[in-house]
Amino acid sequence: MLSIKNLHVSIAGKEILKGLSLEVREGEVHAIMGPNGTGKSTLASVIVGREDFHVDSGEIMYKGRDLMGLSVEERALEGIFLGFQYPVEIPGVSMTSFLRTAVNEHRKYRGLDPLTGAEFLALMEERKELIEIHSDLTNRSVNEGFSGGEKKRNEIFQMAMLQPALAILDETDSGLDIDALKVVANGVNRLRTPGNATVVITHYQRLLEYIIPDFVHVLYDGRIIKSGGKELALELEEKGYEWLKLQES
Amino acid sequence: MSREKNGFIDSFTNQEYKYGFVTDIEMETAPRGLNEDIIRFISSRKAEPDFLLDFRLKAYKKWLTMKEPRWAHLRFPEIDYQDIIYYAAPKRKPALSSLDEVDPDLLETFNKLGISLEEQKRLTGVAVDAVFDSVSVKTTFRKTLEKHGIIFCSFSDAVRDYPDLVKKYMGSVVPYGDNYFAALNSAVFSDGSFCYIPKGVRCPVELSTYFRINTAGTGQFERTLIIADEGSYVSYMEGCTAPMRDENQLHAAIVEIIALKDATVKYSTVQNWYPGDREGKGGIYNFVTKRGMCKGSNSRISWTQVETGSAITWKYPSCVLFGDNSVGEFYSVAVTNNHQQADTGSKMIHIGKNTRSTIISKGISAGFSNNSYRGLVRISKRATGSRNFSQCDSLLLGDRCGAHTFPSVNVENSSSVMEHEATTSKISDDQLFYCNQRGIDTESAIGLIVNGYAREVLKQLPMEFAVEAQKLLSISLEGSVG
């Protein structure tokens, strides 16, 4: 589904990703781990098409297409979803009208009629059930005044509404207490199908107790320096990143 | 933002102003310029009674002694008042008895604007007075309204048929010498709408006036007078458009509202005069005086405006809260893009006891435009126990536009309360990116954010207007992010 080959990315002339490669197939959950400042968020930003990042060389193929030629919204409509590390507030715009616009844009892209108000509300209820979120988040303005945990749950709820083919969760676990963490993990697990894929970017091993990854990659200094199964996360937790750094040198 | 996006923005030009066409119709016009003879010409064309000619001449003499106000945060070249045509009317006499007698070209013009004057085709629930350049062309639903005793007609008809009401109330809220543009209007006004709601009557339909400037070189000077008698209710809407021209055209209108005891008047405007092109060439100079008098106790006047058009907007719909317990409200969304300039706001003058007023102003600036809120809240010594709440928010798109707030507060007693809140915000790249990532393109995202921002005001509009206003907001800002 997602194939990244020898990717070099810089921001304002500074090279962040230095030859990163990654293969993600349908039905898989990948975890990308690594210390702060090694390029994890940059990777997420480049995949969704954030402008400030410059791809110097390498390629990102998604469902057999080169992503470079697509705008941010085209990538989104093609099924790529980013769970933001810091979701932005949009005062005055209700979650309901925001999501209804988003859902109907996705439908339009697929040649479907827009949902009516009633159909949309029914869909929201159904998806809330699915991921077991019971709250009034949808009656409020987009992320406005949300606590850290509410913001992250709201990201998962949006993911449930849009049902992306490829979800990238950027440090969705940071700043969450254990209950919120469970809600987020539960959502991801429930939304998992043989046809979609998830990339979880995280700093800690903690989230991976609840979302069991098929692959764990360690990102260090702009490259993936080690890949393995879920045991790798445990090993990292035990030995720390220093262990890998030493191996590297 | 990136060059790619600018290219996309360049593809949006002012073709978005859909109403820029001109109707080719034979007009009778007065010669350019302003003097006593022109005023007498206008008055005689309309076969006016002497009191009205006197009113005009007094206003003209006053105007000659006045200076064009320059205190607003607006920049515009000298207006040559001798280069304006003060009267233009379609040659064929507009008829009121039957639609067949209205010039078909005019009917077609209003159809193109989405205003059907054929009653059976109109949305039920809205009666229209259509004003084309200087004269009222047609008032719909007159007969239905007459059954309730409601008078809704052109100003000229009111002068002929109800001279006592006109004489009693005209100039009672906005005196002819009130300000420079009010004096000019009082001297040369040509037509407009008149409305009287009798005691205890709740007007069953929305009343609306549609103003259209057509002829080049003309100014439009209309007057609207609304009188709501005791215990009555009326909701009134006003819309307007003009052709796209390179020259600036002057529009100086007056709206006067009188609400007697227990009466309520809601006045809604969607102002979409031609704003000029992207370089700031052409467009309407909109200098308007709108004021309501809550004359009786427990009366209420509510102004709602969505201002998207005009090169220059200078208007401050106001309420004089004379009756005890009366209520004044002002809800405004003003959008400026490209080189538009708006200086708009409200005045709330509290005179009666326990009077209340609310001001909600939402300014949205984009491009190279300037958008100012200017307001005055005065609570007099007598107006004990009064309250005002003002909220002035500004939203900026891009970094070459300006938002300014000039609030003025004057509270003369100690039992009254006045609150003022103000915010300035910007649509950030992060917000747009967030929307984009959910599959919403930039233009739609701006529409969504702006409509969310203006929601508090838009929800005050009658249904018929709300949808149009929402679309207009998005269209006015198309191509504004670069």
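None of the values given here were measured: they were computed from a predicted structure. Throughout, protein chains are lettered first and strands after them, A, B, ... in sequence-line order, and every chain is numbered starting at 1.
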Revision key, fill the gap. Under 4.5 Å to a heavy atom of chain B? For A/Glu74 that would be neither

**Study point:** From B/Arg438 atom CZ to A/Met161 atom CE, the distance as rounded to the nearest 0.5 Å
**Key:** 12.0 Å

Point to revise | Student check: side-chain heavy atoms of A/Ser94 and B/Arg455 closer than 4.5 Å | key: yes

Practice item. Check B/Ile440, B/Asp441, B/Thr442, B/Asn436 against A/Val72 for a side-chain contact (heavy atoms from CB on, under 4.5 Å) and give me the one that passes. Key: B/Asn436

Review point. Would you say B/Ile449 and A/Pro91 make side-chain contact, with heavy atoms under 4.5 Å?
Key: no

Point to revise | Test side chain to side chain contact (heavy atoms under 4.5 Å, CB included) applied to A/Ser97 and B/Asn451, step by step | key: CA-CA 11 Å; A/Ser97 63; B/Asn451 275 298; over 6 Å; no

Check your understanding: Where on A/Phe98 is there a heavy atom nearer than 4.5 Å to chain B: the side chain, the backbone, both, or neither?
Key -> both

Review point. Do A/Val93 and B/Tyr453 come within less than 4.5 Å of each other through their side chains, counting heavy atoms only?
Key: no

Check your understanding: Given side chains that start at C-beta, do those of A/Glu89 and B/Ser428 come closer than 4.5 Å, heavy atoms only?
Key -> no

Revision key, fill the gap. Under 4.5 Å to a heavy atom of chain A? For B/Ser425 that would be neither

Practice item. Check each atom of A/Asn143 against the heavy atoms of chain B and say whether the ones under 4.5 Å are side chain, backbone, both or neither. Key: side chain

Point to revise | For the student: nearest non-hydrogen atoms of A/His106 and B/Gly439, plus distance | key: CE1-CA, 4.2 Å

Review point. Does A/Leu82 offer a backbone N or O that forms a donor-acceptor pair with the side chain of B/Gln437 under 3.5 Å?
Key: yes

Review point. Do NZ/NE/NH1/NH2 and the carboxylate oxygens of A/Arg50 and B/Asp429 come within less than 4.0 Å?
Key: no

Exercise for review: Please indicate whether A/Lys108 has more than 12 foreign heavy atoms, meaning atoms of other residues, nucleotides or ligands, lying under 6.0 Å from its NZ.
Suggested key: no

Check your understanding: Is atom NE2 of A/His54 surrounded by more than 12 heavy atoms (other residues, nucleotides or ligands) closer than 6.0 Å?
Key -> no

**Study point:** Neighbour count above 12 (heavy atom, 6.0 Å) for B/Arg387 CZ
**Key:** no

Review point. Which atoms of A/Val103 come close to chain B, meaning under 4.5 Å heavy atom to heavy atom: side chain ones, backbone ones, both, or neither?
Key: neither

Point to revise | chain B contact via A/Pro164 - side chain, backbone, both or neither, heavy atoms under 4.5 Å | key: neither

Review point. Around atom CZ of B/Arg356, are there more than 12 heavy atoms of other residues, nucleotides or ligands at under 6.0 Å?
Key: no

Point to revise | Region of A/Leu162 in contact with chain B, defined by heavy-atom distances below 4.5 Å | key: side chain

Check your understanding: Pick from A/Asp52, A/Val48, A/Val88: which one makes a side-chain contact (heavy atoms from CB on, under 4.5 Å) with B/Phe433?
Key -> A/Val48

Practice item. Find the one option among A/Ile90, A/Leu77, A/Val142 whose heavy-atom pairs under 4.5 Å with chain B are most numerous. Key: A/Ile90

**Study point:** B/Leu448 CG to A/Arg100 CZ distance, which is reported to the nearest 0.5 Å
**Key:** 11.5 Å

